[in-house]
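The structure under discussion appears below in the form of C-alpha cells.
Both counts, for ligands and for their atoms, begin at 1 and track the order of listing.
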Amino acid sequence: MLKIEGLCKNYGEATVLDNLGLTAFPQQVYGLLGPNGAGKTTTINILCNLLERDRGTIEFKQQPISEKTKSIIGIAPQENLLYKSLSCEENLQFYAQLYGLSRQQQKEQVQWCLEAVQLRDRAKSVVTDLSGGMQRRLNIAVALVHKPELVVLDEPTTGLDIETRYEIWALINQLREAGMTILLTTHLLDEAEKLCQRIGILKKGKIIAEGSLDHLKETIPAAEIIIIQTSEEEQAIERGKELGYTPRHYGNNLAFWLPESKELKAIIEEFADIPIQSLTREAVNLEHIYLEMMNH
Ligand SMILES: Nc1ncnc2c1ncn2[C@@H]1O[C@H](COP(=O)(O)OP(=O)(O)OP(=O)(O)O)[C@@H](O)[C@H]1O
C-alpha cells in the first residue's frame, strides 16, 4: 500500500501542495486527476525523490520512501526518457545497468520488458525509427526494467491515437494483474473511468475526493441526468427547479439532475409547453463528478 499524508510543498509564497493525502492499494490503478497546475507532477516528483518536500510522510508497504527505497519505484515521466540514437534493447540495457542489475538480470529483464510492451520484434530498432506509440511503450518499459513494485505513469497516453491508447491500457492492466501498484495522472476522464479502481481528485494541492468510481458517484445525488437543448433556457431552468431537478451547465449544454429515474415520455410531458429541440439522458459519470468538484 502507498500512503501519503500531510504532504506540503511551497515555492516561495506559493503553496503548491497543501496537506495532500492519498492511499493507493496493491494490484490497483490509482488515478490522480486535476486541472493544469493542481500539483500532480509535483506530487510524483516528491514520491520519486526528484524533489524535496517541505513536510509530510510517504510510505510504501509501511516503509518510508527515501533515496534508499527508490529501487522499488519505477517512473515513466511525461517526456520520454529515451536515447534517440540507441535501439530499444540498448536503452533498456542502459537503464538496467544504472539500477545496478547483475549481467544475468540485465539480460532477463531487458527481454521481459521488450515482451511486456510488445517490442521484441523491434529490439534492434533505434528510437527515431519507432512510432510515437512505440516510443511511449518503450518509455514505460524503462520504468519497469528493475522490477519495481510501484509504477508511476505521468500522463501515459497524452497525445496518442485511440488504438495506441488501448495498447497502453492493456499494458497497464497487465502490470496491475502482475501485482504492481500503479499511480497514474491523466486529463482523460474516460481513461480514468475505464482503468482506475481508485481515483483521487486534486484541486489546488489538496485531494478533495478519493475513492472508487461508485463511491465518488454518491457525491452527486442524481439517479440520472437529462441534457436539454432549448431556445428558452430560463423558462426550462424554472420548470426544472419546480420539479425538484437540479440545473447544471456542462459546456454549452443545459442539464438537470433527476433525483429519480423517469420514463422519457413523462419528462417530455413535464417540459411540453417549452420549445425543446432535443432531450437526452445520461448516467452519472466521472465528468459530472469532476466538474462538480472543480466548480462548486
Ligand atoms: N520550480 C518551480 N518553481 C515555482 N513554481 C513551480 C515550480 N514547479 C512547479 N511550479 C508550480 O507548481 C504548481 C503545480 O505544478 P505541477 O506541475 O505539479 O502541476 P500539474 O498538476 O502537474 O499540472 P499539469 O497538468 O499542467 O502537468 C503550478 O502552479 C506550477 O506553476
Side-chain angles (χ1 to χ4, degrees), residues 2-24 29-58 60 65 67 70 73-82 132-133 135-136 139-140 142-143 148 150-162 164-165 168-169 172 181-196 198-211 213 216 250-251 285-296:
L2 168 70
K3 197 163 184 63
I4 302 183
E5 284 180 311
L7 195 62
C8 294
K9 178 77 188 170
N10 290 293
Y11 284 112
E13 295 286 284
T15 299
V16 174
L17 298 183
D18 181 11
N19 248 326
L20 177 141
L22 67 81
T23 309
V29 182
Y30 185 106
L32 188 58
L33 310 182
N36 293 125
K40 301 180 294 295
T41 303
T42 306
T43 306
I44 284 179
N45 286 344
I46 294 175
L47 173 62
C48 299
N49 286 299
L50 301 169
L51 188 67
E52 293 263 323
R53 68 197 103 156
D54 294 340
R55 262 193 297 125
T57 56
I58 307 180
F60 184 67
I65 291 275
E67 193 62 23
K70 77 177 186 188
I73 306 177
I75 177 170
Q78 271 176 45
E79 301 294 327
N80 291 345
L81 278 180
L82 305 172
Q135 291 187 22
R136 197 62 68 90
N139 194 49
I140 295 178
V142 164
L150 171 63
V151 181
V152 180
L153 306 172
D154 200 0
E155 295 190 28
T157 64
T158 299
L160 299 180
D161 64 42
I162 187 70
T164 315
R165 279 173 66 198
I168 304 276
W169 292 356
I172 293 171
T181 305
I182 294 149
L183 178 77
L184 68 81
T185 70
T186 181
H187 286 288
L188 304 167
L189 299 177
D190 65 324
E191 174 166 291
E193 213 165 301
K194 290 195 178 84
L195 214 53
C196 302
R198 195 168 163 85
I199 291 167
I201 299 181
L202 186 58
K203 184 177 178 182
K204 295 183 184 158
K206 259 187 189 335
I207 295 283
I208 54 167
E210 189 185 52
L213 182 60
L216 295 178
Y250 297 124
N285 63 35
L286 188 54
E287 195 172 317
H288 305 127
I289 299 163
Y290 181 87
L291 290 171
E292 203 56 27
M293 298 282 169
M294 289 303 140
N295 301 323
H296 292 95

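- Close approach of ligand 1 to H187 (heavy-atom distance below 4.0 Å) involves ligand atoms 25 (O).
- Distance from atom 25 (O) of ligand 1 to its nearest protein heavy atom, with residue and atom name: K40 NZ, 2.8 Å.
- Around atom 28 (C) of ligand 1, the closest heavy atom drawn from A14, G12, G37, A38 belongs to G37.
- Annotation for ligand 1: atoms under 4.0 Å from non-hydrogen atoms of T41 are 17 (O), 18 (O), 20 (P), 22 (O), 27 (O).
- Within ligand 1, counting atoms from 1 as listed, the ones closer than 4.0 Å to a heavy atom of Q78 are 27 (O).
- Considering every non-hydrogen atom in both E287 and L189, the closest pair reads CA-CD1, 3.6 Å.
- Between D154 and the options T185, T43, N45, T186, a side chain to side chain donor-acceptor pair (under 3.5 Å) holds for only T185.
- The contact set between ligand 1 and P35, taken as ligand atoms under 4.0 Å from a residue heavy atom, comprises 21 (O).
- Here the heavy atom of the protein found nearest to atom 1 (N) of ligand 1 is Y11 CE2, 3.6 Å.
- Near T42, with a cut-off below 4.0 Å to any heavy atom, the atoms of ligand 1 are 14 (C), 15 (O), 16 (P), 18 (O).
- Of all protein heavy atoms, the one closest to atom 11 (C) of ligand 1 is V16 CG2, 4.1 Å.
- Listed by atom number, the atoms of ligand 1 under 4.0 Å from N36 heavy atoms are 23 (O), 24 (P), 25 (O), 26 (O).
- For the pair A76 and A143, the tightest heavy-atom approach, listed with the atom from each and the gap, is N-CB, 3.8 Å.
- The shell of residues lying under 4.0 angstrom from ligand 1, judged by heavy atoms, excludes G34.
- Residue contacts with ligand 1: K9 is excluded, as none of its non-hydrogen atoms falls under 4.0 Å.
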